[in-house]
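Data block below; observations after.
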Amino acid sequence: MSRDIWDPATYARFADERSRPFHDLIARVGADKPDYVVDAGCGTGELTLELARRWPGATVEGFDSSPAMIAKARELSLTPSGAGGADAAPSVAVGAPGGLPRFTVADVTTWRPDRRVDVLVSNAVLQWVPSHRDVLEHWVDALNPGGWLAFQVPGNFNAPSHLAIRELCRSPAWSERLGDFDRGGIVAEPGDYLDQLAAGGCRADAWETTYIHVLQGENAVLNWISGTALRPIFDRLTDDERGRFVADLAESLDRAYPAKEYGTPFPFRRIFVVARKEDLV
């Protein structure tokens, strides 16, 4: 991409809803005392800090391709509230075992660790990487025997929200600017990932969950996807064009997701995979 399209403030607007799949994912990781834990595509780092709290004796690293996200993560990790409260030990070096996570700018397609990994977590990142099935092979290779790989991706690319985006991009008003945009069919089905990881020497568990988030406020679904699905589109439009595109899309989304008295129900399917690399015999 031509520039950093990610806005940490916009992405964090629904932090609680976005963190639920992460907690459901790592709950199935059975690592006891890992030495090296990596958060691939860590975003603003809040969930990387959760990994450090779960495995306090580990060296924890988070990386993301967005400099803005990494800047926010570094800022968060060095504040008392972000680093675990007033009792956190500032004398332990960043990136050292038992210390604060180290955050770096890196791309998931080219990142390679300098040593074997015990736990590698990726939360809602691989859907942005068309070649992510190849990335998974590299990540399995990077694991220690007995190491864990855990990732989750959205499985909602045929949901009304994404269909509305693609239809609008192909409409006469926008086809010249956005007619080639298509983010359907990027992720695989749970069984496909299971087959791949089993063939790669892992014992894997794959499942899916559809969360029904109850979003509040006007244009609730539009606000949700503005921090994720719409970012690549916004990157291709001028400020004026963004305003017009959003106005056109809002009408379709309000029809697809009618608001109720208690809020706007927004079904969101997620695909989860947890795999453990077989020990060498």
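- Taking 4.5 Å as the limit, some side-chain heavy atom of Leu249 sits within range of a side-chain heavy atom of Leu230.
- No donor-acceptor pair closer than 3.5 Å links the side chain of Asp248 to the backbone N or O of Phe245.
- For the salt bridge (charged side-chain N to carboxylate O under 4.0 Å, His left out) condition, no pair includes a residue of residues 127-143, sequence neighbours left out.
- Here the closest non-hydrogen pair linking Pro154 and Phe268 is CB-CE2, 3.6 Å.
- Counting only distance, with no hydrogens or angles, the side chain of Gln127 and the backbone of Val125 share a donor-acceptor pair below 3.5 Å.
- Grouping the Ile, Leu, Val, Met, Phe, Trp and Tyr side chains by contacts below 4.5 angstrom, directly or via other members, places Leu194 apart from Leu197.
- Side-chain atoms of Arg170 do not come within 3.5 Å of backbone N or O of Leu178 as any donor-acceptor pair.
- Of the possible donor and acceptor atoms, one in the side chain of Asp64 sits under 3.5 Å from a partner among the backbone N and O of Gly43.
- Side-chain atoms of Arg166 never come within 3.5 Å of backbone atoms of Phe181 as a donor-acceptor pair (strictly under, hydrogens ignored).
- Aromatic ring centroids of His213 and Trp224 lie under 6.0 Å apart.
- Residue pairs meeting the salt bridge (charged side-chain N to carboxylate O under 4.0 Å, His left out) criterion with at least one partner in residues 205-218, sequence neighbours excluded, are Arg28-Asp205, Glu208-Arg269.
- Under the 3.5 Å distance criterion, with hydrogens and angles disregarded, no donor-acceptor pair is assigned to the side chains of Tyr211 and Asn156.
- Ring centroid separation for the pair Phe151 and Phe272 does not come in under the 6.0 Å cut-off.
- Of the possible donor and acceptor atoms, one in the side chain of Tyr193 sits under 3.5 Å from a partner among the backbone N and O of Ala188.
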Would Asp118 and Lys277 satisfy salt bridge (Lys or Arg N to Asp or Glu O under 4.0 Å), going step by step from the backbone distance to the final call?
CA-CA 10 Å; Asp118 298 298; Lys277 189 173 182 178; over 6 Å; no

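- Residue pairs meeting the salt bridge (charged side-chain N to carboxylate O under 4.0 Å, His left out) criterion with at least one partner in residues 34-43, sequence neighbours excluded, are Asp35-Arg115.
- Within the 3.5 Å criterion, the main-chain N or O of Tyr262 finds a donor-acceptor partner in the side chain of Gln216.
- Side-chain atoms of Arg276 do not come within 3.5 Å of backbone N or O of Pro145 as any donor-acceptor pair.
- In terms of modelled atom types and a separation under 3.5 Å, the side chain of His162 and the main chain of Ala159 share no donor-acceptor contact.
- For Trp55 and Asp32, the side-chain atoms include no donor-acceptor pair closer than 3.5 Å.
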Start with the C-alpha gap between Tyr257 and Phe266, add the side-chain angles, then the distance that decides, and say whether ring-ring contact (aromatic ring centres under 6.0 Å, His included) holds.
CA-CA 7 Å; Tyr257 301 96; Phe266 180 52; 5.3 Å; yes

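- In summary, the side chains of Thr238 and Asp240 do not present any donor paired with an acceptor at a separation below 3.5 Å, with no hydrogens or angles considered.
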